[in-house]
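A quick write-up on the structure given underneath.
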There are 2 protein chains.
Amino acid sequence: MTEEEFLAAYDASAYPRPSVAVDAVLFTIRDDALQVLLTRRQAHPFAGLLSLPGAFVGPEETLDGAAQRALREKAGLQDIFLEQLYTWGDPGRDPRLRVISVSYYALVPEDRIGPLPEGTALYPAHALPTPLAFDHAGIIRLGLERLRGKVSYTDIAFSLVPEEFTLPQLQRVHELLLGQPLYKANFRKKIAGRIEETGKFTSGGKHRPSRIYRKRALPAEPLL
Amino acid sequence: MTEEEFLAAYDASAYPRPSVAVDAVLFTIRDDALQVLLTRRQAHPFAGLLSLPGAFVGPEETLDGAAQRALREKAGLQDIFLEQLYTWGDPGRDPRLRVISVSYYALVPEDRIGPLPEGTALYPAHALPTPLAFDHAGIIRLGLERLRGKVSYTDIAFSLVPEEFTLPQLQRVHELLLGQPLYKANFRKKIAGRIEETGKFTSGGKHRPSRIYRKRALPAEPLL
DNA sequence: ATAGTAAGTAGCAAATCAAAACTAACTGAC
DNA sequence: GTCAGTTAGTTTTGATTTGCTACTTACTAT
């Protein structure tokens with residue numbers, strides 16, 4: 001069968017084409033823990049269970065665009081770090097109809113999260129309620145693995161911290177993502193080239209104030 | 001609008017749902033170069049251009065299953081390393097109709113490739129004909145990046161080499177994937193724990209024969 | 001025997017990493 | 001004021017890994 005013949009048969013066939021949706025795992029740091037945004041489902045199936053914010057992909061919409069829209073509609077967030085994670089397509093993962101879900105993970109500092117809609121809240125990523133709707137537990141687990149894998153060799157940790165931050169703060173983010181403590185001195189050497197001082201200091205603590213930094217715009221090295 | 005309402009509207013709407021397809025980037029090492037399997041398209045669109053082997057996802061088929069089937073049908077390959085790469089969904093990437101493509105990359109040692117169907121052949125990954133059909137050039141580029149990124153901290157190189165291999169062979173695979181030469185002594189130290197001797201040696205060369213190894217089944221360490 | 005060639009090993013300096021110990025700057029209790 | 005408590009930030013040291021060179025080994029072809 002040629003591809004064209006297949007397509008013709010495909011168009012004419014009785015079974016419905018799959019729907020394509022996106023689901024987003026939105027991570028943030030709150031209460032010294034990594035947290036995930038979940039919404040409680042009202043409707044069948046899995047009514048009453050928590051699920052990831054998602055959306056069906058519109059006819060003229062890109063996949064990234066649909067993921068952005070899902071987060072805008074469900075959490076009021078715009079212009080945040082968003083990256084594709086994995087695509088889930090097992091028949092039966094949605095009992096209603098075949099749904100292919102392109103999953104994304106998103107990172108946002110806590111201070112950018114506004115008031116959340118009724119039924120939507122943050123839950124600690126390492127102690128999630130169980131069960132979750134659909135295969136969303138698996139999606140979150142993969143997101144956690146991806147984060148852990150990428151934190152050491154990319155800039156993603158900066159996306160979980162306000163524009164201006166202290167090094168203990170940034171180090172703590174790394175530790176939460178990696179799940180293990182880091183040595184202060186080594187951590188500082190490693191990121192020294194990716195930050196710049198603001199000249200400001202924290203105040204109000206019962207101890208030595210810490211310097212406040214921001215992310216360095218462009219590393220000077222890659223110009224070779 | 002609730003999700004249920006959306007689904008109802010979605011079902012009733014005039015625009016067709018997207019089709020979901022898979023495309024596979026099959027890599028192998030041949031003639032001391034990394035090569036990709038491509039097939040020449042017969043039909044519109046992009047007739048005459050080279051494209052990745054692909055398939056539409058059947059109604060009861062998993063995504064992985066569809067990718068396996070595509071490689072079985074287009075290259076006669078079974079039971080090979082296959083991993084999801086990225087999902088491409090821009091409207092307009094297929095001029096006929098909206099197609100969401102879940103891309104995979106696959107790795108196979110040359111000795112497992114049999115005779116290929118008419119119109120299907122291997123092309124050097126770093127000197128591909130241009131242009132390619134659809135967005136397949138971008139898919140291959142991403143596959144190359146993924147390979148390069150993963151070769152140093154995973155076992156993927158073993159999937160590009162026969163079951164029994166020499167260390168110069170395995171080192172060369174690493175070098176081709178990384179695009180840079182490696183130091184023999186360091187390379188050997190690094191993989192020492194992941195291989196085991198077969199006791200056999202190559203023969204017939206004009207020089208010292210090299211030991212033949214196989215991949216070590218289970219590393220002993222992860223038992224803690 | 002000797003030359004050619006690629007396989008495989010030894011060793012060292014430089015860079016990086018893990019780890020502990022140290023100093024600095026604030027608050028609050030005395 | 002001074003001292004304890006606390007966290008920020010720096011210095012230092014030893015272990016491990018990397019970059020690199022030089023060497024030895026084992027085969028074939030003259």
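To find a chain, count down the sequence lines: A is the first, B the second, and so on, and within it residues start at 1. Everything quoted here is computed from the prediction, not taken from an experiment.
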Looking at every non-hydrogen atom in both residues, tell me the closest pair between [X] and [Y] and how far apart they are.
| X | Y | value |
| --- | --- | --- |
| Q169(B) | P162(B) | NE2-CD, 3.7 Å |
| S101(A) | V22(A) | OG-C, 4.3 Å |
| S51(B) | A133(B) | CB-CB, 3.7 Å |
| L71(A) | L26(A) | CD2-CB, 4.1 Å |

Check your understanding: Quick one: ring-ring contact (aromatic ring centres under 6.0 Å, His included) partners of Y104(A), sequence neighbours excluded?
Key ->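 ring-ring contact (aromatic ring centres under 6.0 Å, His included) check on Y104(A) returns nothing, list empty.
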In whole angstrom, what separates [X]'s [atom1] from [N]'s [atom2]?
| X | N | atom1 | atom2 | result |
| --- | --- | --- | --- | --- |
| F201(A) | dT7(D) | CZ | C1' | 15 Å |
| L182(B) | dT17(D) | CG | P | 17 Å |
| E175(B) | dG19(D) | CD | P | 13 Å |
| Q169(B) | dG8(C) | CD | P | 11 Å |
| K184(B) | dT25(D) | NZ | P | 14 Å |
| K200(A) | dA8(D) | NZ | C1' | 19 Å |
| K190(B) | dT9(C) | NZ | C1' | 19 Å |
| Q171(A) | dT7(D) | CD | C1' | 12 Å |

Exercise for review: Encode nucleotides 23-30 of chain C as B, S and - characters from 5' to 3', where the letter depends on protein heavy atoms closer than 4.0 Å: B to the base, S only to sugar-phosphate, - to neither.
Suggested key: -BBBS---
Check your understanding: Got a salt bridge between E83(B) and K150(B), using NZ or NE/NH1/NH2 to carboxylate O under 4.0 Å?
Key ->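 Yes, this pair counts.
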Check your understanding: Is the number of heavy atoms from other residues, nucleotides or ligands within 6.0 Å of CZ (R141(B)) greater than 12?
Key ->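 No, the 6.0 Å shell around CZ holds no more than 12 heavy atoms from other groups.
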Practice item. Verify, without hydrogens or angle tests, whether R93(B) (side chain) and V99(B) (backbone) share a donor-acceptor contact under 3.5 angstrom. Key: yes
Point to revise | Side-chain N or O of R211(B) closer than 4.0 Å to phosphate OP1/OP2 of dG8(C) | key: no
Review point. Does OP1 or OP2 of dA18(C) have a side-chain N or O of Y183(A) closer than 4.0 Å?
Key: no
Check your understanding: Centroid-to-centroid, F165(A) to F158(A), below 6.0 Å?
Key -> yes
Just the atom pairs and distances: protein N or O near nucleotides 12-15 of chain D's N or O, under 3.5 Å.
none

